[in-house]
Amino acid sequence: MLLNLILSADPLKDDQNCQDRHEEDNPKSSPFDFVMKQFQGKKCAPEKSKEKPSAIKQFFKGFDFGKSEDKDRREIEETEINNAETDDQSEKQNVSVEDGLSHLPSEAESPSGEQRFNQFMEKLGKKPNSKNLDLNNCALSAADITELASLLPFLPELEEISLSWNGCVGGTLRALTVHLHHVNLLKVLRLNNCRLTAEDVISLGTGFHLHLLPDSLGLMSSISSLPTSYSSCFHTGQGEAFEIVSQLEELDLSWNSNIGGKLSLLTKKLQEGCKLKCLKITDCSLTAKDGESLAEILNVIPNLEVLDVSINKNIGCSMKVIAQDLKNVPGLKELNLHMCGLKQDSLQGLAQVIPLLSSLQELNLSSNKNVGLSSDPLLGRLRFLPKLRSVTISNCGLDEESLSSLAEAALHLPELEILDLSWNKCVGGNLKLLLGALKLATEIQVLRLSSCNLVAEDLALLTSLRQDGHLARLQKLDLSYNNNISDEGWAVFCQGLGAFKELSELDVSLRPSSCRDCGLWFRELLAALTQLPALAELGMQRWALSESQRKQMEGFNQDNRRNIRFDC
């Protein structure tokens, strides 16, 4: 406690020295100096021994009070330390802080905060940006994190900090978070793959705070007389910890496996009115207990728009609880549950809550095979989400019944732009079930049908839809890993391919274990490419080209003044 620190401080100097320090008016003195002058003016005692840094000075040593004040504080501390080390003779006693100031470099000789920041960014090969601090994958060291923390007082306009893919951030985050109160405009914090520890998670929940007991020595009256810019740095009474996460709008902690089992260390710090709009915790080894902690905070983050808990296989056990509390975030726009180990009861909970998420625009249920096996018509409930733009249901074990439910629901999704049905074998031969939905999906831009056991009839359906005026905005078409399509089927498809004028990406690659000769349809393909002005990438992996076909492909771009990337 500060009171104890004051009482344990070194005895004060003789009356004359005390009076000299009290009367001296240094325009650049720090808040610490100001407080100490006031305090020393109240009680001074003679002292003949060499002056040492007092306990209270050591206590305030780590506090920042603004740009110029912070500079002066560091200069004073350096002077005191140097004096203490070199002053081995008794004749060099009573060297005051103010005496040391006369030996400090001038303002013009020291780099400004802006210059220091620029030098720091240049050292890392980055361009300085006072609003967006992008230090992703910069091989940051612990010393870099400490230096960055010292620069935060000079970045009052900072809105985004990205430290992702820097493993050394783990274990050092508190050095940064205790200074985040300097950047009260901060909205985005990204810490992907930083090897965060439990201590790091705790540091995100709380920051700088100061507790003071009742002031019997009148120190607080001195603090209250400080200029506003100084006194605002002190807290009286018990105070509340600085809520870092509550001020953010986006927090990304993905790919930090040590978070698993410790999420409550962060979530329990969140309070009513939290501003979070985007929370991403991908592949963090979350447990069922973490899922329960996540469900609890949905009550205090009503503005949440993006929730990504993908690739956390054990969280599925608590998804039923999470689903029940999703009703508290009616503005949710993106929900990513990819590879979350969803169980039957979890899926039933989501059927119940889906109709309440009328603002949902993106839904990812991929790699949850129980979705297709569920007796509860979850996919049929998607009809209640008219704003859905992206539906990803790859590798969900769909059968013909669940595919039919999806097709019926898709009739009510006029804004659908992305549909991913990859790795659902039932689609092969049954694409016609989606015929009505694909006709109405005037906005669809991405269609992924990889590894769906497609047959020639399915490809013919796609080309006929386009020739009839549908799928006019299609930009990306993934037909890879469909080895059952005959050469004749590919030829028919290529003959109608030229109608997809907006197409920019096409993938017809075979499975990795396969290798087939590219038949007569290759000629049809090259002819179609001349009619596709937007095409920039063509995937043809594991198709074996003859020497003649390879030369035709190599010369295609030059002959047609194109720049298509052929992935063969």
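Since we're looking at a predicted model, the values are computed, not measured.
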Side-chain ([X]) to main-chain ([Y]) donor-acceptor, under 3.5 angstrom:
| X | Y | result |
| --- | --- | --- |
| Arg511 | Tyr481 | yes |
| Asn312 | Val309 | yes |
| Ser318 | Val321 | no |
| Asp283 | Trp255 | no |
| Lys501 | Gly498 | yes |
| Ser285 | Gly260 | no |
| Arg562 | Leu529 | yes |
| Asn370 | Leu342 | yes |
| Asp478 | Leu449 | no |

What is the distance from atom [atom1] of [X] to atom [atom2] of [Y], rounded to the nearest 0.5 Å?
| X | Y | atom1 | atom2 | answer |
| --- | --- | --- | --- | --- |
| Leu363 | Leu388 | CG | CG | 6.5 Å |
| Cys138 | Asp144 | SG | CG | 9.0 Å |
| Lys187 | Leu158 | NZ | CG | 11.5 Å |
| Ile311 | Cys284 | CD1 | SG | 10.0 Å |

Between the side chains of [Y] and [X], is the shortest nitrogen-to-carboxylate-oxygen separation below 4.0 Å, so that they form an ion pair?
| X | Y | answer |
| --- | --- | --- |
| Lys439 | Asp468 | no |
| Glu250 | Lys280 | no |
| Lys268 | Glu296 | no |
| Glu547 | Arg550 | no |
| Glu537 | Arg565 | yes |
| Glu415 | Lys387 | no |

(request) Would you check, one step at a time, whether the test salt bridge (Lys or Arg N to Asp or Glu O under 4.0 Å) holds for Lys551 with Glu554? (result) CA-CA 5 Å; Lys551 288 183 178 180; Glu554 291 174 352; over 6 Å; no

(request) Using side chain to side chain donor-acceptor pair (under 3.5 Å) as the criterion, list what pairs up with Glu408, not counting sequence neighbours. (result)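 By the side chain to side chain donor-acceptor pair (under 3.5 Å) rule, Glu408 matches Arg383.
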
(message) Could you work out, with side chain to side chain donor-acceptor pair (under 3.5 Å) as the rule, every residue matching Asp559, not counting sequence neighbours?
(response)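 Here no residue qualifies.
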
For [X] and [Y], which heavy atoms make the closest approach, and how far apart are they?
| X | Y | value |
| --- | --- | --- |
| Ser509 | Gln541 | OG-N, 3.0 Å |
| Pro355 | Ala351 | CD-O, 3.3 Å |
| Ser513 | Arg542 | N-CD, 4.4 Å |
| Ser164 | Asn166 | O-ND2, 3.1 Å |
| Leu433 | Ala407 | O-CB, 3.3 Å |
| Leu304 | Leu279 | CD1-N, 4.1 Å |

(message) Please evaluate residues Asn258 and Asn256 with respect to the criterion side-chain hydrogen bond (donor to acceptor under 3.5 Å, both in side chains), reporting the C-alpha separation (whole Å), side-chain torsions for both, the decisive distance (0.1 Å), and the verdict.
(response) CA-CA 6 Å; Asn258 289 330; Asn256 287 288; over 6 Å; no

(message) I need the full list of side-chain hydrogen bond (donor to acceptor under 3.5 Å, both in side chains) pairs touching residues 419-428, with sequence neighbours left out, sorted by first then second residue.
(response)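 Output for this query lists Asp420-Ser422, Lys425-Ser451.
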
Could you tell me whether [X] atom [atom1] has more than 12 heavy atoms of other residues or ligands within 6.0 Å of it?
| X | atom1 | result |
| --- | --- | --- |
| Arg523 | CZ | no |
| Arg195 | CZ | no |
| Lys131 | NZ | no |

(request) Indicate whether the side chain of Thr282 and that of Asp308 have a donor and an acceptor atom separated by less than 3.5 Å. (result)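 Side chains of Thr282 and Asp308: pair found under 3.5 Å.
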
(request) Ignoring hydrogens and angles, state whether a donor on the side chain of Ser293 or Asp290 is under 3.5 Å from an acceptor on the partner side chain. (result)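 Short answer, no.
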
(request) For the residue pair Phe522 and Trp490, establish whether any side-chain heavy-atom pair is separated by less than 4.5 Å. (result)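 No. Closest side-chain heavy atoms not under 4.5 Å.
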
(message) Quick one, Leu503 and Leu497 - any side-chain contact, counting heavy atoms below 4.5 Å?
(response)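 Side chain of Leu503 against side chain of Leu497, heavy atoms only: contact under 4.5 Å found.
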
(request) Take the angle between the ring planes of Phe566 and Phe556 and call it parallel below 30°, perpendicular above 60°, tilted in between. (result)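 Because their plane-to-plane angle is over 60°, the rings of Phe566 and Phe556 count as perpendicular.
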
(request) Take Asp200 and Ser203, measure what side-chain hydrogen bond (donor to acceptor under 3.5 Å, both in side chains) needs, and give me the verdict at the end. (result) CA-CA 5 Å; Asp200 296 322; Ser203 72; 4.8 Å; no

(request) Going by the side chain to side chain contact (heavy atoms under 4.5 Å, CB included) test, name the single residue among Leu434, Ile418, Leu462 that passes it with Leu447. (result)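 Exactly one candidate clears the test, Leu462.
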
